[in-house]
Amino acid sequence: MFENLSERLGGVFDRLTKQGALSEEDVKTALREVRVALLEADVSLPVAREFIKKVQSKATGSAVTKSITPGQQVVKIVHDALIDTLRGEGEPGDLKIDNPPAAILMVGLQGSGKTTTTGKLAKRLAGREGKKVLMASLDIYRPAAMEQLAILGAQVGVDTLPIVAGETAVQIAKRAKQQATLGGYDVYMLDTAGRLQIDETLMQEVEDVRDAVEPRETLLVVDGLTGQVAVEVAEEFDGKIGISGVVLTRMDGDGRGGAALSMRAVTGKPIKFVGSGEKMDALETFEPERIAGRILGM
Amino acid sequence: APRRVLDDDMLEQLEELLISSDMGVDTAVRITANLAEGRFGRKLSTAEIKSALAEEIARVMEPVARPLPIYNKKPQVILVVGVNGSGKTTTIGKLASQFKKAGKSVVIAAGDTFRAAAVGQLQVWGERAGVPVMTAAEGSDPASLAFDAMTQAEKDGADLLMIDTAGRLQNRADLMEELSKIIRVIRKKDPDAPHNTVLVLDATTGQNAVNQVEVFRKMADVTGLVMTKLDGTAKGGVLVSLADKFALPIHAIGVGEQIDDLDAFDPQEFAAALTGVSA
Ligand SMILES: Nc1nc2c(ncn2[C@@H]2O[C@H](COP(=O)(O)OP(=O)(O)OP(=O)(O)O)[C@@H](O)[C@H]2O)c(=O)[nH]1
Ligand SMILES: Nc1nc2c(ncn2[C@@H]2O[C@H](COP(=O)(O)OP(=O)(O)OP(=O)(O)O)[C@@H](O)[C@H]2O)c(=O)[nH]1
Ligand SMILES: [K+]
Ligand SMILES: [Mg+2]
Ligand SMILES: [Mg+2]
């Protein structure tokens with residue numbers, strides 16, 4: 001299982017002490033390579049740095065047994081630590097949607113996959129969990145954004161809030177809440193416009209939406225191909241809006257998914273779902289083992 | 001200003017600055033090594049070091065800073081490709097508006113027949129830019145729309161035909177084949193077309209952008225790049241490794257969601273933003 005990373009670390013590992021305990025020098029040497037692997041997988045630099053520090057102290061002095069080479073030993077410790085960091089509390093796919101109607105607020109950067117994920121999640125909640133779901137688009141900016149959600153709603157057989165021109169995002173959110181209450185919906189999902197974490201006006205808008213509906217879940221939808229900016233995006237969205245979880249999209253690509261580690265490490269919030277395609281059923285619950293392997297290129 | 005010796009520590013800091021811009025480890029190491037040449041061990045101020053670094057980056061980027069070339073061809077066909085959500089449709093709207101303002105007659109073909117409301121989105125952009133948009137039914141073959149659009153643009157004597165395509169991840173062989181097919185069909189009308197195949201990259205993307213360029217270039221003969229979302233805090237440092245590896249021209253950058261938010265790629269400005277030097 002560790003062949004690939006071990007291979008890339010091959011030369012380094014050959015130089016490690018063959019028996020006894022891993023020395024500080026051994027571990028340092030090996031972790032230099034691991035650091036590069038993490039950075040190439042798009043783990044954000046400060047997160048990679050912290051992570052290496054943690055592993056360093058864990059690995060130093062650990063016994064090297066006969067059945068495992070020192071290199072494999074280090075990689076195993078790294079792999080386990082990755083899984084440990086990636087794994088959130090509770091079951092990954094669980095959402096707090098008791099107390100009907102429960103609001104789920106979807107937020108994130110432009111083009112990250114919010115609208116698509118809203119449709120996928122609605123389908124999952126309606127189908128698998130038998131919930132009565134309402135979707136509403138608060139995206140008054142992007143051309144045809146509301147139409148997009150309406151089409152997805154029709155595709156997955158989930159109601160969407162009728163489109164009314166000229167309303168603000170907060171007005172739409174309130175109308176969705178009212179309709180969800182009156183219509184006996186279990187869940188109402190609010191898809192929002194994409195926004196930069198540094199856009200004060202738009203960040204304020206979504207804060208106002210949050211205050212108006214008090215969402216049970218606020219999910220940050222992040223492109224799984226995201227690079228170094230992941231840390232800042234996570235910090236700002238979590239700091240300003242307060243997120244309850246993360247959805248990583250485009251994990252059907254061949255990206256290494258280092259953003260997963262950055263997101264988890266920075267927010268401490270669970271990664272709930274993984275988007276694995278454009279179709280409405282391409283949503284999976286997050287599995288730390290799989291992402292850990294991917295990040296390490298295994 | 002206080003000066004300090006350009007030593008290994010300093011170089012490592014610079015390397016990390018570049019890595020934070022998504023440059024990738026290899027390129028970051030190479031760029032800092034170039035910087036160190038002739039300067040290692042010398043006493044320099046932080047400002048001096050950073051501006052030298054910016055210069056080094058601008059030097060690499062200078063040759064690829066080239067606007068979308070306009071040929072004496074009617075219609076000049078511009079095919080726009082890229083992964084999902086990178087900004088293809090928006091960039092087409094912006095480009096169409098620029099060309100229109102420059103006095104060109106432009107036709108857009110809504111070649112994304114897959115994604116929900118992709119056509120509606122492009123129609124709005126067409127209206128904004130004052131440019132007609134050719135559409136086909138959802139789920140129909142994008143290659144045949146491209147063919148029809150070629151016919152129409154020829155008939156209308158349009159200067160430019162811009163073809164939008166559905167987002168696709170480069171590891172999806174079936175979708176990449178669909179793209180190849182679009183190109184084959186276009187070439188039936190004009191063996192030189194598409195005259196430009198523009199790959200749209202998202203600045204927030206990390207190292208996967210390298211794979212994107214590699215595969216799209218192979219499967220779709222990409223002739224140039226546009227990087228979007230540089231109005232955010234992502235620095236787009238991966239462009240430096242791309243320039244190095246592929247030397248594809250960078251035609252423009254997206255700096256917002258409005259119609260005028262498309263700028264020429266300026267190596268000096270890019271390098272300054274990347275290194276944090278005030279331009
Ligand atoms: N391959 C793949 N594509 C996805 C996934 N999730 C979303 N997409 C695609 O990504 C593109 C953007 O998705 P949207 O749902 O429109 O993204 P958004 O965040 O709502 O975009 P804005 O509203 O413009 O900010 C579309 O082409 C989707 O089909 C995924 O998990 N895998
Ligand atoms: N901030 C910012 N947002 C941008 C820029 N370019 C595009 N966007 C936004 O990014 C999102 C996706 O843009 P689209 O043009 O729909 O992307 P696409 O590549 O056509 O997406 P698909 O067709 O779904 O693959 C939209 O919300 C755009 O408004 C840019 O330069 N800056
Ligand atoms: K980038
Ligand atoms: Mg959307
Ligand atoms: Mg599009």
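- Both the backbone and the side chain of A/Q110 come within contact range of chain B, each with at least one heavy atom under 4.5 Å from a heavy atom of that chain.
- Using a 4.5 Å heavy-atom threshold, the side chains of B/R128 and A/P143 count as touching.
- Using modelled atom types, one side-chain atom of B/D22 and one backbone atom of A/Q228 make a donor-acceptor pair closer than 3.5 Å.
- A donor-acceptor pair shorter than 3.5 Å cannot be found between the side chains of B/Q121 and A/Q148.
- Contacts of B/L17 with chain A are absent, with no heavy-atom separation under 4.5 Å from either backbone or side chain.
- Electrostatic pairing of B/R168 and A/E278 does not count as a salt bridge here, judged by no charged N lying under 4.0 Å from a carboxylate O.
- In this structure, no portion of A/D199 lies under 4.5 Å from any heavy atom of chain B.
- Closest approach of B/Q207 to A/L39, counting heavy atoms only: CG-O, 4.4 Å.
- With a 4.5 angstrom heavy-atom cutoff, A/L109 touches chain B only via side-chain atoms.
- When all heavy atoms of A/G253 and B/N171 are compared, the closest pair comes out as C-ND2, 3.3 Å.
- Counted by atom type alone, B/N208 and A/D254 present one or more donor-acceptor pairs between their side chains at under 3.5 Å.
- Interface residue A/R35: only side-chain heavy atoms are found under 4.5 Å from chain B.
- Side-chain contact check for B/D202 versus A/T226: every heavy-atom pair is 4.5 Å or farther apart.
- Not a single donor-acceptor pair under 3.5 Å links the side chain of B/N84 to the backbone N or O of A/R250.
- Using a 4.5 Å cut-off between heavy atoms, B/E257 touches chain A through its side chain atoms alone.
- Looking at B/Q212, the atoms closer than 4.5 Å to chain A (heavy atoms on both sides) all sit in the side chain, from C-beta outward.
- Using a 4.5 Å cut-off between heavy atoms, A/L45 touches chain B through its side chain atoms alone.
- Counting heavy-atom pairs closer than 4.5 Å to chain A, the top residue among B/G120, B/A118, B/S20, B/G85 is B/S20.
- Looking at B/E12 and A/R32, no side-chain N of the basic residue comes within less than 4.0 Å of a carboxylate O on the acidic one, giving no salt bridge.
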